[in-house]
Every structure is written in C-alpha cells, then in structure tokens.
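Notes to accompany the following structure.
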2 protein chains.
Amino acid sequence: MSSREPVSRRTRPAKAPLSRAAIVDAALRVLERDGGSKLTMRRVAAELDTGPASLYVYVRNTTGLHALLIDRLLASLDLAWDGAEPWRERLHRVLADYRGLLAERPEIARGALSVWPDGPNYLDLVELLLRLLAAAGVDQRAAAWAVDLLLQHVSAAAAEWAERAADAGQDLDDLSATLASADPRRHPVLASFDTALLTAGDPEIRDRWAVDVLIDGVLARSAPAGA
Amino acid sequence: MSSREPVSRRTRPAKAPLSRAAIVDAALRVLERDGGSKLTMRRVAAELDTGPASLYVYVRNTTGLHALLIDRLLASLDLAWDGAEPWRERLHRVLADYRGLLAERPEIARGALSVWPDGPNYLDLVELLLRLLAAAGVDQRAAAWAVDLLLQHVSAAAAEWAERAADAGQDLDDLSATLASADPRRHPVLASFDTALLTAGDPEIRDRWAVDVLIDGVLARSAPAGA
DNA sequence: ACCTGAACACCGTTCAAGT
DNA sequence: ACCTGAACACCGTTCAAGT
C-alpha cells in the first residue's frame with residue numbers, strides 16, 4: 001500500500017509464453033465460461049491474445065485440442081481403489097462419474113468418441129478399469145476390449161443425454177409421433193409395445209442397467225478365470 | 001430424332017418444387033457425390049438451385065436433415081426375417097449391415113448417435129430388432145432398452161471405425177506412444193499388458209465380440225422368458 | 001527461428017423484403 | 001401466402017511475411 005507500482009496497460013498479466021499447457025489452460029477457461037459449443041481454435045487463441053494460427057505450432061488440429069482437454073477434465077475424477085469397495089460397485093461409480101463429466105459438455109462427449117484422449121489422466125483411468133476387470137476375473141483380451149467398449153458406451157450415452165436435454169421435449173415428441181404412427185399390420189410387434197418403454201424411463205436406472213449388461217456380457221464372453 | 005425440341009437454358013430439368021422428399025433426394029446426391037463432410041444446408045440448397053433459407057421451410061435444422069437422411073439410407077437394408085436363420089445370426093447380420101452403411105459416412109454415423117432417425121425405414125429396423133429379441137426370449141422392458149443399446153453401439157462403433165480410418169496411422173501411433181510411456185510403478189497393470197490388445201485386433205472380430213457381449217448381457221439382465 | 005496477420009474457403013440461421 | 005437474397009456472426013486451416 002505504501003507505493004504504487006506502475007500497472008501494465010492491460011489488467012491481464014503480461015502475455016505468457018505459448019505452450020501446450022498454456023493452451024489447455026485457456027481452453028478450460030473458455031469451456032467453463034462460454035460452454036462447449038464455443039470451444040473453438042479462434043476463441044482459445046483470443047483467450048491467449050493471439051491469432052488462431054499460433055495454436056497450430058502446438059496442436060495438430062481441433063481434434064488434438066479436444067484430446068488434450070479431455071485428459072485435463074479427467075484430472076478431477078476420483079480414480080482410487082483400495083479393494084474394499086466391491087469391484088462392480090466401483091466400476092459403476094467411476095463410469096457414472098465419467099459420464100457426468102461428459103454429459104455437462106456434449107461437444108466434448110462427442111469428441112471422446114472419436115479421439116483417444118492423450119495424457120496421463122487417461123492412463124490412470126484405463127489402469128483403474130483394468131484392475132477392476134482383473135478383480136472380476138476377466139482375461140486379458142476380454143479386459144482390453146471391454147475397456148474400449150465401456151468407455152465408448154459412456155461417451156455415447158453422455159452425448160445422447162446431453163443432446164436430448166438440449167433439445168428439450170421437441171424431438172421426443174417427434175419420436176413419439178413416429179412410434180404412434182406405426183401401422184399394426186406393418187409393425188405388429190412395435191404396435192403391441194408399450195411405447196413409453198422405448199422413449200422414457202429414468203436415465204440413471206437405464207444407464208445402470210446398460211452398464212450391468214456390459215459387465216455381465218463381458219463375464220460371459222471371457223475365458224475362464226485364470227486362463 | 002425426327003424433331004428437335006427446344007431445350008431449356010439449363011441442362012438441369014426445370015426447377016422442381018421444393019418438398020421434404022426433394023430435399024432428401026438432393027441431400028443423398030450431395031452425400032454420394034461429395035461425401036459426408038460436404039453434406040451441409042448450403043450445398044443441399046445449391047443442389048436445388050436455391051438459397052439455404054428455403055430449406056428451413058421443410059427442415060428444422062441440420063440435425064433434422066440428418067435424421068431424414070439416415071432413414072433414407074436405411075431403405076437399402078435387408079430387413080426381412082422368415083425365422084429360418086437363427087435369431088442371433090440374423091441379429092449379427094442386420095447390425096453388421098447397418099454398421100457398414102454408417103461406417104462409409106462418418107458424419108452421418110455421428111448424427112445417428114444424437115438423432116432418433118425419423119421415418120418408416122427406421123420403424124422397420126426397430127420392428128426387426130424387437131422380433132429377434134422376442135425370439136431370444138427377452139422381456140419387453142429389456143428388449144426396448146436393448147434396441148437403444150444395440151443401435152447406439154453400432155453408431156458409435158461406425159463413427160470410431162470411420163474416424164480411425166480417416167486419420168490413418170497417425171493417431172494410432174500417438175496412442176501407442178502414450179501407452180508405451182506408461183510408468184510401471186504408476187500403471188502396473190497397464191504396463192503388464194500386451195498393448196497390441198488395446199490398439200489392434202481385426203475390427204470385424206472385435207465388433208462381433210462386442211455384439212455378442214451385448215446380447216449375452218441382455219439375456220442375463222432380462223426377466224425369465226414369458227415373465 | 002519462431003510466430004502470426006491476413007486471407008481463403010467455407011459454415012448455420014435469421015429476417016426483411018420480394019413475388 | 002410462400003419463398004429467398006442478403007446479411008450476420010461465426011468457423012478451421014494455411015502461408016507469406018514479419019520480428
């Protein structure tokens with residue numbers, strides 16, 4: 001308080017040097033402030049007070065930016081397991097956590113489908129999944145493929161959730177109308193169905209069911225334990 | 001040959017009136033000619049010799065255009081089943097056909113994840129899936145949810161296939177490098193894994209395994225037959 | 001050597017104004 | 001009443017030119 005230091009013209013601290021880490025930081029800020037649909041090369045560059053061209057020195061393309069960001073988001077996940085919690089419960093919990101992370105950011109969830117996230121936190125997640133599957137007695141080949149299947153399911157489910165939430169009721173009404181228009185002669189089974197089953201249901205319960213289906217299926221399709 | 005009729009100034013036949021059907025036709029032409037990444041409102045409009053604004057009279061937005069197109073693509077699928085072929089084989093076949101359809105068009109596959117396709121062919125597909133699941137002894141609730149799960153898996157798998165194919169080896173090399181960088185102290189299970197299992201494997205075999213996992217899981221999580 | 005301004009080639013969607 | 005030109009507000013990526 002005793003002295004006034006000269007202030008730079010901008011409140012923002014002196015332009016930090018560019019780096020992969022600085023870009024991911026900026027991307028995270030943009031994501032939290034403006035939402036996933038605004039997570040573009042141009043906006044991240046603007047956040048760093050530069051032009052979009054500068055990012056291409058550190059990131060191959062938009063997909064690369066997403067891969068980096070997904071790994072960064074993964075950092076907030078609890079990935080510990082001491083073996084006390086039963087493996088199936090632990091698996092449900094980590095997948096639900098991951099789904100929650102992605103469901104708030106639909107564009108990122110879509111990215112997670114086509115990108116192998118690149119970074120240390122992703123490895124931590126894969127490690128936990130492999131440990132849980134090993135505890136379940138799943139053989140190596142099935143475990144490796146199951147990791148892919150589980151993560152793919154979570155990403156797809158998150159993208160679907162988020163998309164539906166964004167569209168609110170509109171699209172669901174379209175679907176209900178389509179289903180209701182089923183001609184009993186052309187679609188006898190469908191017409192005999194309780195269409196509420198197809199479009200409704202508590203997503204939490206549905207998703208827990210889906211994960212149990214995946215787990216049971218993997219167990220059924222794994223070589224006998226110890227093989 | 002005996003007489004020459006006057007030709008309109010453009011080779012293209014006189015501008016047909018706009019309609020939902022005309023738009024889907026044009027979209028299909030654009031898709032086949034320019035590929036999925038060029039399937040935009042503007043290009044479809046150009047194909048119809050009009051401005052993009054005109055499409056909005058018939059289609060809510062780009063997502064709506066995709067929903068229409070997916071249903072149209074579904075028309076080429078063989079959806080017959082006389083009960084002779086075992087239900088599990090028939091299920092594998094129709095899902096593989098659908099996956100093949102989408103894998104050639106990654107952008108469409110991504111669309112299929114967030115859109116409920118809208119139209120008669122989609123209903124035919126759902127009808128077949130429900131018939132097959134009923135033949136498998138799956139109860140109504142499980143069947144309804146299984147349809148969602150199976151179609152979601154196929155769309156996600158197709159999107160993944162296509163994306164990987166487009167990126168060629170580049171991203172796969174990145175992933176291998178990331179996996180190889182696993183520190184045995186931090187990721188002991190991962191480090192002990194044959195990393196080839198995680199990144200490689202014949203996609204056909206992997207996907208057949210995945211579908212079997214889903215089927216077996218659904219059977220395990222379905223109420224006893226007839227319930 | 002490293003970085004980036006400016007340009008290129010696009011997008012989806014809206015709305016005021018036309019026929 | 002129906003349709004659409006033109007505009008608005010953006011995109012990703014490249015590359016020649018700057019420091």
Is the distance from OP1 or OP2 of D:dC3 to the nearest side-chain N or O of B:S54 less than 4.0 Å?
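No.
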
When you get a sec, tell me which of [options] is the closest nucleotide to the side chain of [X]?
X     : options                : result
B:Y58 : D:dC15, D:dC3, C:dT14  : D:dC3
A:R42 : D:dT14, C:dT13, D:dC11 : D:dC11
A:P52 : C:dT4, D:dT13, C:dT13  : D:dT13
B:T62 : C:dT4, C:dG12, D:dA6   : C:dG12
B:R43 : C:dC10, C:dG12, D:dT13 : C:dC10

Distance, P atom - from C:dA9 to D:dC8, rounded to whole angstrom
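Result for the P pair: 22 Å, nearest Å.
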
Find the distance B:D49:CG to D:dG5:P and express it as a whole number of Å.
10 Å

Heavy-atom nearest pair, B:L74 first then B:N121, reads CB-CB, 3.6 Å

So which atom in A:L133 and which in A:A143 form the shortest heavy-atom distance, rounded to 0.1 Å?
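Where A:L133 meets A:A143 most closely, the heavy atoms are CD1-O, 3.7 Å.
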
Criterion salt bridge (charged side-chain N to carboxylate O under 4.0 Å, His left out) on B:R141 and A:D194, from CA distance to verdict:
CA-CA 9 Å; B:R141 198 198 64 159; A:D194 180 357; over 6 Å; no

If a pair means Watson-Crick or G-U wobble with both distances below 3.5 Å, what does DNA chain C look like in dot-bracket form, with | marking bases paired to a different strand?
||.|||||...|||||.||

Specify the residues of residues 34-41 of chain B, ordered by number, for which at least one heavy atom lies under 4.0 angstrom from an atom of DNA chain C.
B:T40, B:M41

Does B:L101 offer a backbone N or O that forms a donor-acceptor pair with the side chain of B:R105 under 3.5 Å?
yes

Rounded at 0.5 Å granularity, tell me how far CD1 in A:I108 sits from CG in A:L113.
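Rounded to the nearest 0.5 Å, the CD1-CG separation comes to 12.0 Å.
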
